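Shown next, in structure tokens, is the structure this report addresses.
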Amino acid sequence: MRIDLISAVPDLLRSPLEHSIVGRARESGMLDIRIHDLRDWAVGKHRKVDDYPFGGGAGMVLKPEPVFQCLDDLDAEPDVHPADEVIFMTPDAPVLTQSMANRLSLNRRMIVLAGHYKGLDQRVRDSRITMEVSIGDYVLSGGELPALVLVDAVARLLPGVLGDAESALSDSFQDGLLDAPTWTRPAEYRGLRVPDVLLSGDHERIAAWRDGERLKKTRERRPDLLDRDDR
Ligand code: 6GU
């Protein structure tokens with residue numbers, strides 16, 4: 001998969017994408033991430049990418065010209081698959097879910113735009129953005145951290161990125177329930193014991209016990225997940 005990330009603060013994006021699972025996916029060639037500095041497409045002698053909102057109000061708005069021009073230039077790159085989605089990260093959008101990440105992981109190429117200002121000129125949103133994504137009901141100072149969240153959620157689903165041991169299929173949310181609790185050695189520490197069933201070697205009993213724990217935890221912590229139909 002190829003992902004083009006566009007931001008006016010591209011340094012915020014670099015380091016988190018160089019390590020761990022995403023870093024390894026890039027090194028192995030399964031994931032091709034390109035980071036673009038929106039300022040390279042800034043306009044006028046002051047190299048502006050943002051401006052005051054028409055009609056007044058707080059905060060700045062990303063100007064249309066740099067974003068249109070940047071997207072045009074990305075479109076004009078020869079011999080690359082056209083973007084399947086052009087995604088704008090913004091809090092006034094549907095919230096990212098595991099099923100959304102699953103669907104996005106099937107794409108060949110995505111462009112992700114992170115705004116670091118109050119907003120983005122609506123003309124860009126209307127004519128060039130194909131999908132808008134929030135990562136939750138709270139406000140962050142920019143779309144860069146959300147873009148990293150989206151990339152991580154998608155990258156770990158790409159074939160060959162996770163080993164069997166870390167398999168994405170056993171995650172919380174992959175089937176709509178939270179994960180069961182986990183323990184590792186030693187079996188007793190400071191008088192605290194691991195549940196006997198996990199030491200029993202009876203894999204059927206362990207699986208049934210874990211299912212029960214998952215249901216119990218989901219009921220306690222996220223009852224909203226139990227009556228959702230968007231899995
Ligand atoms: Cl995508 N952007 C910003 N600025 N804040 C957020 C968000 C996105 N998702 C949740 N909060």
Side-chain angles (χ1 to χ4, degrees), residues 1-17 20-22 31 33-39 41-42 48-68 70-71 74 83-107 109-158 171-173 178 221-222 224-225 228 230-231:
M1 174 185 284
R2 169 158 159 176
I3 303 177
D4 291 89
L5 292 170
I6 306 168
S7 163
V9 201
D11 287 346
L12 270 178
L13 299 172
R14 289 186 217 287
S15 167
L17 299 172
S20 184
I21 287 163
V22 174
L31 184 58
I33 297 181
R34 314 278 177 106
I35 296 171
H36 308 280
D37 185 349
L38 193 58
R39 289 190 196 282
W41 288 271
K48 272 160 60 117
V49 295
D50 62 325
D51 212 333
Y52 297 97
F54 276 125
M60 301 295 272
V61 178
L62 278 181
K63 296 174 76 59
E65 305 96 312
V67 184
F68 271 96
C70 172
L71 292 173
L74 292 187
D84 300 296
E85 299 283 0
V86 180
I87 301 172
F88 177 47
M89 304 307 301
T90 180
D92 58 337
V95 174
L96 180 65
T97 60
Q98 187 61 49
S99 70
M100 241 187 249
N102 290 352
R103 262 180 282 125
L104 291 174
S105 75
L106 302 175
N107 286 330
R109 180 174 180 208
M110 303 192 292
I111 296 175
V112 181
L113 172 63
H116 203 75
Y117 301 91
K118 190 80 189 167
L120 167 64
D121 188 280
Q122 187 63 35
R123 287 166 290 193
V124 180
R125 298 175 71 162
D126 290 341
S127 57
R128 304 302 291 269
I129 301 296
T130 64
M131 184 178 183
E132 299 189 330
V133 178
S134 164
I135 63 161
D137 294 336
Y138 41 82
V139 179
L140 301 170
S141 45
E144 285 77 13
L145 299 179
L148 293 169
V149 167
L150 177 74
V151 168
D152 189 287
V154 170
R156 58 192 298 287
L157 299 171
L158 300 176
D171 288 332
S172 263
F173 288 105
L178 302 185
R221 301 188 157 188
R222 295 294 306 277
D224 56 299
L225 293 177
R228 266 166 71 157
D230 65 336
R231 299 178 205 145

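Both counts, for ligands and for their atoms, begin at 1 and track the order of listing. Heavy-atom basis, side chains included; hydrogens, waters and symmetry copies ignored. We're numbering straight along the sequence, starting at 1. Model, not experiment: these values are computed from the prediction.
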Distance filter under 4.0 Å to [X] heavy atoms, resulting ligand 1 atoms:
X      : value
Gly142 : 2 (N), 3 (C), 4 (N)
Val133 : 1 (Cl)
Ile135 : 9 (N), 10 (C)

Heavy atom to atom 5 (N) of ligand 1, shortest distance: which of Leu140, Asp137, Thr90 holds it?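 Among Leu140, Asp137, Thr90, the closest heavy atom to atom 5 (N) of ligand 1 comes from Leu140.
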Under 3.5 Å side-chain donor-acceptor pair for Glu132 and Thr90: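 There is no such pair (donor and acceptor under 3.5 Å, judged by atom type) between the side chains of Glu132 and Thr90.
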With respect to Leu38, which candidate in Cys70, Ser7, Pro10 satisfies the side-chain contact (heavy atoms from CB on, under 4.5 Å) definition?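 Going through Cys70, Ser7, Pro10 one by one, the side-chain contact (heavy atoms from CB on, under 4.5 Å) with Leu38 is satisfied by Cys70 alone.
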Between Pro91 and ligand 1, find which residue part has any heavy-atom pair under 4.0 Å and reply side chain, backbone, both or neither.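 Under 4.0 Å from ligand 1, Pro91 contributes backbone and side-chain atoms.
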So, for Ser105 and Val154, which heavy atoms are closest and what is the spacing to 0.1 Å?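 In terms of heavy atoms, the two residues are closest at CA-CG1, 3.7 Å.
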Taking atom CZ of Arg123 as the centre, report whether more than 12 heavy atoms of other residues, nucleotides or ligands fall under 6.0 Å from it.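 No, because the 6.0 Å sphere around CZ of Arg123 holds 12 heavy atoms or fewer from other groups.
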Do Lys63 and Asp51 meet the salt-bridge criterion of a basic N to acidic O distance under 4.0 Å?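 Looking at Lys63 together with Asp51, the answer is yes, because their closest N to O distance falls below 4.0 Å.
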Ser134 to ligand 1: N or O pair under 3.5 Å?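 In this structure, Ser134 places an N or O atom under 3.5 Å from an N or O of ligand 1.
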